[in-house]
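Please read the structure below before turning to the comments.
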Amino acid sequence: MDKRLLNKAYEFAEVENRWLQHWTENRCFNAEMEEGRPAFSIVIPPPNVTGVLHVGHALNNTMQDVLTRYHRMCGDNTLWVPGTDHAGIATQNVVERQLASEGKDRHDLGREKFVEKVWQWREEKGGTIIHQLKKLGCSCDWSRERFTMDEGLSAAVREVFVRLYKEGLIYKGDYIVNWCPRCHTALADDEVEHEDTRGKLYHIRYPFADGSGHVVVATTRPETMLGDTGVAVHPEDERFSHLSDVGIRLPLTDRIVPVVFDAHVQREFGTGALKVTPSHDRDDYEIGRRHSLDLLKVIDDKGVMNEAAGDYAGLDRFECRKKIVADLERLGFMEKVEEYDHAVGNCYRCKTVVEPTTSLQWFVAVAPLAAKAVAAVKEERIRIYPKTWYNTFYSWMDNIRDWCISRQIWWGHRIPAWTCEQCGEIVVETYDPESCTTCGSKQLVQDKDVLDTWFSSALWPFSTMGWPNTTRELATFYPTSVLVTSFDILFFWVARMMMMGLHFMDEVPFRDVYLHALVRDKHGKKMSKSTGNVIEPLAVMEQYGTDAMRFTLIAFAAQGREIKLDEERIEGYRHFINKLWNASRFSLMHVDEKSLEGQHILDTPGSLPLVHQWILSRTAATVADVRRGLDEYHFNEIASANYQFIWHEFCDWYLEWIKGDLFGDDEVAAAQARSVLLVVLETILKLMHPITPFVTEEIWSVLPGERSALMNSAFPEVRSDWHNPEAEEQMALLMGVITGIRNIRAESDVHPSARIDATVICPADGRADFIASCGGTISDMTRLNSFAVQTQGEKPADAATYIYKDIEIFVPLKGLVDVAAELDKLSRERVKVEAKLKQVNGKLENATFLAKAPQQVIDKELEKKQALDATLEKIAEAEARLQTLAQ
RNA sequence: GGGCGGGUAGCUCAGUUGGGAGAGCAUCGGCCUUACAAGCCGAGGGUCACAGGUUCAAGCCCUGUUCCGCCCACCA
């Protein structure tokens with residue numbers, strides 16, 4: 001045996017480092033493109049280049065790795081593309097903070113120098129998360145690492161932009177957008193987070209221009225009244241029907257604005273009259289457009305009141321609100337102020353309150369693209385798991401708005417559009433044009449904006465494979481097999497990949513989408529640094545080992561919405577890894593190359609002793625369970641099937657059981673045991689490898705025989721010829737007897753090392769002989785002095801009793817029987833059995849049950865009744881014997 | 001306002017076509033039994049949120065109630 005396996009405990013740190021180095025040096029994960037093999041491909045959801053591995057990444061990437069390793073072992077051409085996202089605003093913020101600490105801002109450097117600085121930052125710090133993913137064991141093809149700002153990917157971005165523009169699906173226009181006054185950029189709708197906020201609802205009197213009265217409007221944002229260009233009421237609201245010809249004289253500014261009638265106004269809300277600020281509210285913008293109201297912008301890009309705000313110019317928007325309120329109150333325009341909870345939009349990057357404002361931006365007309373995506377999903381060309389997300393997907397796609405793709409920052413793909421200063425023509429090309437396509441002027445100025453980060457990530461599945469060129473990669477690996485990602489970016493990213501993939505590749509970007517849960521702490525709270533409940537995957541890996549963490553994450557990964565991760569569980573699964581290690585150590589003490597040669601006996605499992613037939617049957621069942629879990633994305637079931645089988649069947653029963661053969665004198669029996677043991681161990685390692693690659697590869701490497709790496713070995717097939725219900729039933733009987741004897745020992749306080757005698761009384765139906773034939777093993781496993789099986793005979797009163805179905809087990813205790821305890825045990829058992837019997841009898845006495853239930857079910861109930869009756873009878877007898885003993 | 005998910009053992013959660021309620025951890029008792037004390041053996045513990053309905057049969061299907069969580073949304 002290899003020295004490394006002599007270690008009593010699995011020392012993960014050394015093993016992990018050695019395998020990581022091996023994998024890297026030998027480029028083990030590089031994709032192959034052999035003809036005639038099925039393909040399996042995944043593109044990684046590119047983490048932000050600014051990112052450091054958090055537990056969500058760990059979960060996401062462990063899942064992808066499990067699938068990738070599984071398919072590689074299935075012999076597929078397997079590719080997992082790694083990479084990072086340039087993360088426009090996030091990355092720009094990081095570098096700006098760095099500059100701020102030096103007392104500078106980006107304008108001090110200028111655009112070109114600043115972008116250079118960001119690239120520099122990316123060179124120095126941007127590789128962190130890639131390194132961490134490698135440490136996690138991810139079997140990505142690292143030679144294909146991509147970055148969304150790579151030359152090739154940038155070319156894809158340009159190509160897409162230009163084509164969409166020429167198809168009329170990208171346009172530029174002055175519309176109301178979500179503006180972040182801190183980031184100085186527009187945001188897409190889904191980049192705005194709405195949060196319920198305690199605010200106030202101000203009721204303000206708006207006088208009629210002729211002084212004949214007033215109307216009261218309600219608003220949460222009184223400062224926007226400076227930009228009001230109308231008041232709207234519902235056309236059928238009789239309270240306001242007389243207002244058709246009346247103008248409104250705005251308080252504070254005395255501007256006269258019209259009253260318009262618009263069905264959008266909710267009559268029940270507030271006063272039923274709505275002030276209209278088209279430049280700073282999306283709804284108002286729409287109303288204004290319908291009634292040709294003026295646009296009057298009063299807040300600038302920094303959230304400060306501009307010149308149009310008159311006396312209020314120069315005030316921050318929130319300062320201005322205070323002053324306006326004070327002024328309105330002083331001048332008697334304020335009717336009342338109410339406490340009011342409402343949703344306020346915040347920037348998803350910096351949490352600043354978003355200011356809706358009109359601005360010249362680029363948009364994608366998504367409706368035709370969205371229709372293709374919806375069709376693909378409806379036609380099941382893309383399947384979404386878990387399926388609960390279908391509804392959410394459709395409702396979002398059905399209500400989709402045009403996508404604002406321009407951002408007023410510097411870090412990102414610059415929009416490939418140039419304005420001719422001579423003739424005003426907009427030139428949009430994939431190459432940098434030298435002159436205007438219309439007038440030939442060379443005075444072209446490129447658009448200053450960059451594209452939304454999600455624009456480039458939307459192309460990720462094909463841009464990473466060389467598009468717009470025709471490549472072998474695209475031919476082999478597109479569409480990708482599955483996208484594994486967190487549900488919170490279903491719309492940011494997943495839906496947009498569908499749109500772009502379908503539009504430009506004329507094919508779905510992935511066949512399956514698996515949306516996994518969000519990881520939370522053990523109480524279900526979001527992990528955050530301020531709460532102090534963050535579980536750091538790197539620290540966990542260091543403390544418990546990478547395999548233990550990976551196994552834990554998979555074990556927790558049921559198809560739900562949240563995973564409440566408890567660090568204690570990681571420790572528990574580290575024990576499991578160690579268990580696997582030790583079971584392997586034990587096995588390796590016995591198997592050798594000869595055990596390999598003997599493996600032909602597994603082709604006729606019926607000729608083997610029962611315990612081998614049993615473990616092979618259980619192995620086949622486990623392979624089926626694990627495969628099903630993998631194929632259907634039931635990750636937790638992959639973990640639990642392995643756990644249950646390895647620990648509680650292979651270790652607890654099989655290894656203990658075959659010790660008799662391994663240490664015994666019967667050479668044939670020992671050789672058989674060694675061969676079966678080796679096969680089962682090999683199967684276990686293969687089943688576990690996708691989840692726990694390090695420890696399994698390590699053990700595999702010291703198994704007897706010449707063998708290639710485990711990661712390239714064939715994943716186990718379901719051996720239906722190993723399936724053997726009869727053997728499982730027989731083993732269950734023996735296990736019942738053994739558990740019974742152990743129970744007596746424990747309940748009667750017999751010291752574990754004491755040798756005792758046991759007698760089994762079993763009906764004469766063949767089982768007695770069978771049990772007797774296994775007496776040696778039973779004695780070994782329960783430390784017996786003598787073991788006897790009878791079909792009838794004197795039932796000793798002076799003995800502890802255990803009843804297993806219709807079988808009685810006796811352990812004579814020579815006056816040491818605790819009668820009260822025994823009676824108590826029996827009575828508890830009686831209660832249970834009687835309850836079950838009552839249920840069964842209830843069914844069997846029910847005429848409609850007998851008439852309507854399938855015969856199969858009825859037979860089962862009859863069997864149950866028979867067994868329960870027998871048990872009850874044995875309990876009664878035992879109770880009677882104890883009574884006599886008590887007297 | 002609309003939608004979605006959930007309520008099963010002390011805790012965290014499984015439960016795949018409806019057919020005798022499960023796991024891990026925790027708890028209690030006993031053990032260094034020649035792979036493993038990061039272990040072994042044994043035990044206790046549930047009105048499947050509540051109320052109806054369908055069915056021979058419901059944790060599972062239907063209706064309603066309630067509590068928790070999340071998402072979307074143009075009621076200022």
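Because only heavy atoms are used, hydrogens play no part in the values below, and waters and symmetry mates are left out as well, while side chains stay in. Letters A, B, ... are given to chains in the order of the sequence lines, protein chains preceding strands, and every chain is numbered from 1.
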If the C1' atom of B/U63 is compared with that of B/G46, how far apart are they to the nearest Å?
26 Å
Contact class for A/Thr277 vs. all strands (heavy atom < 4.0 Å): base, sugar-phosphate, or nothing?
nothing
Close N/O contacts between protein and nucleotides 29-33 of chain B (under 3.5 Å):
residue : atom : partner  : partner atom : Å
B/U33   : O4'  : A/Arg783 : NH2          : 3.4

Have A/Tyr206 and A/Asp228 got a donor and an acceptor in their side chains that come within less than 3.5 Å?
yes
Indicate whether the side chain of A/Ser595 and that of A/Asp592 have a donor and an acceptor atom separated by less than 3.5 Å.
yes
Pick the P atom in B/G5 and in B/G15, then give their distance to the nearest Å.
14 Å
Return the pairing partner of B/U66 with a 3.5 Å limit on both distances, Watson-Crick or G-U wobble; otherwise return none.
B/G7
Between B/G44, B/A76, B/G42, which nucleotide has the shortest distance from any of its atoms to the side chain of A/Arg742?
B/G42
Taking atom types as modelled, is there a side-chain donor on A/Lys275 or A/Thr224 under 3.5 Å from an acceptor on the other?
yes
Take the protein atom CG of A/Leu844 and the nucleotide atom C1' of B/A57, then report the distance between them rounded to whole Å.
12 Å
Hey, does the side chain of A/Lys8 come within less than 4.0 Å of B/A37's phosphate (OP1/OP2), counting only N and O?
yes
What is the distance from atom NZ of A/Lys864 to atom CD of A/Gln839, rounded to the nearest 0.5 Å?
7.5 Å
Is it true that A/Tyr573 and A/Arg569 share a donor-acceptor pair across their side chains at a distance under 3.5 Å?
yes
Any idea which of B/A35, B/C74, B/G19 is nearest the A/Phe663 side chain?
B/A35
RNA chain B nearest-nucleotide lookup for A/Glu632 and A/Ala583: closer to the 5′ end is A/Glu632
What's A/Phe487 touching, base or sugar-phosphate or nothing? Going by heavy atoms closer than 4.0 Å.
nothing
Note: A/Lys860-A/Glu863 ion pair, threshold 4.0 Å (strictly below):
no
In whole angstroms, how far is the C1' atom of B/C25 from the CD atom of A/Gln644?
14 Å
Would you call A/Glu632-A/Arg628 a salt bridge at under 4.0 Å N-O?
no
Does A/Lys659 reach a base, just sugar-phosphate, or nothing at all? Heavy atoms under 4.0 Å.
base
Ignoring hydrogens and angles, are the base of B/C36 and the side chain of A/Lys579 linked by a donor-acceptor pair under 3.5 Å?
yes
Report the base-pairing partner of B/U54 (Watson-Crick or G-U wobble, both distances below 3.5 angstrom), or none.
none
Ignoring hydrogens and angles, does a donor from either the side chain of A/Glu656 or the base of B/A35 sit under 3.5 Å from an acceptor on the other?
yes
Between B/G20, B/A35, B/G42, spot the one nearest the side chain of A/Lys864, thanks.
B/G20
Touch check for A/Asp652, heavy atoms < 4.0 angstrom, all strands: base, sugar-phosphate only, or nothing?
sugar-phosphate
Starting at atom CG of A/Asp262, determine the distance to atom C1' of B/C75, rounded to an integer number of angstrom.
14 Å
Specify the separation, in whole Å, of atom NE2 of A/His234 and atom C1' of B/C74.
14 Å
Looking only at atom P, what distance separates B/A14 and B/A23, rounded to whole Å?
16 Å
At under 4.0 Å between heavy atoms, what does A/Lys832 touch on the DNA or RNA strands: base, sugar-phosphate, or nothing?
sugar-phosphate
Would you say A/Tyr643 reaches B/C25's phosphate, i.e. side-chain N/O to OP1/OP2 under 4.0 Å?
yes
Contact class for A/Arg569 vs. all strands (heavy atom < 4.0 Å): base, sugar-phosphate, or nothing?
base
Describe the nucleic acid contact of A/His648 in one word from base, sugar-phosphate, nothing, applying a heavy-atom distance below 4.0 Å.
sugar-phosphate
Mind checking the P distance from B/C13 to B/U17? Whole angstroms is fine.
22 Å
Return no unless some side-chain N or O of A/Lys843 is found under 4.0 Å from OP1 or OP2 of B/A57.
no
With nearest nucleotide decided by heavy atoms, which residue, A/Phe556 or A/Val857, maps closer to the 5′ end of RNA chain B?
A/Phe556
Go through B/A35, B/C74, B/A76 for me and flag the one nearest to the A/Arg282 side chain.
B/C74
When the C1' atoms of B/C62 and B/A26 are considered, how many whole Å apart are they?
38 Å
B/A49 to B/C31 separation - P atoms, rounded to the nearest Å:
41 Å
How far apart are the closest heavy atoms of A/Val840 and A/Leu868, and which atoms are they?
CG2-CD1, 4.1 Å
Tell me what A/His264 touches on the nucleic acid: a base, only sugar-phosphate, or nothing, going by heavy atoms under 4.0 Å.
base
Compute the ring centroids of A/Phe663 and A/His590, then answer whether they are less than 6.0 Å apart.
yes
Closest approach to the side chain of A/Asn582, judged atom by atom: which nucleotide of B/C74, B/C36, B/C56 is it?
B/C36
What's the closest nucleotide to the side chain of A/Phe849 if the choices are B/G44, B/G42, B/C56?
B/C56
If we take the P atom in both B/U12 and B/G7, what is their distance in whole Å?
12 Å
note: A/Ile489, atom CD1; B/C70, atom C1'; distance rounded to Å ~ 17 Å
Report the relative orientation of the aromatic rings in A/Trp396 and A/Phe491; use parallel for angles under 30°, tilted for 30 to 60°, perpendicular for over 60°.
parallel
Can you measure from NZ (A/Lys865) to CG (A/Asn841) and round to the nearest 0.5 angstrom?
4.0 Å
Which value, in whole Å, describes the distance between the P atoms of nucleotides B/A58 and B/G19?
11 Å
Partner lookup for B/C40, please. Criteria are Watson-Crick or G-U wobble with both distances under 3.5 angstrom; report none if nothing qualifies.
B/G30
With a non-hydrogen cut-off below 4.0 angstrom, is A/Val265 in contact with a base, only sugar-phosphate, or nothing?
base
A/Asn578 CG to B/C36 P, straight-line distance once rounded to whole Å:
11 Å
Rounding to a whole Å, what distance do you find between A/Lys825:NZ and B/G44:P?
11 Å
Which part of the nucleic acid, if any, lies within contact of A/Ser640, taking any heavy atom under 4.0 Å across all strands shown: a base, the sugar-phosphate backbone alone, or nothing?
nothing
Centres of the A/Tyr643 and A/Trp647 rings: under 6.0 Å?
yes
Would you classify A/Asn846 as touching base, sugar-phosphate or nothing, given that sugar-phosphate means primed atoms plus P, OP1 and OP2, and contacts are heavy atoms under 4.0 Å?
sugar-phosphate
Nearest whole angstrom, please: distance from the P of B/G15 to the CZ of A/Arg628.
12 Å
Opposite nucleotide pairing with B/G1, Watson-Crick or G-U, both atom distances under 3.5 Å:
B/C72
Short side-chain N/O contact to B/C40 OP1/OP2 from A/Trp653, under 4.0 Å
no
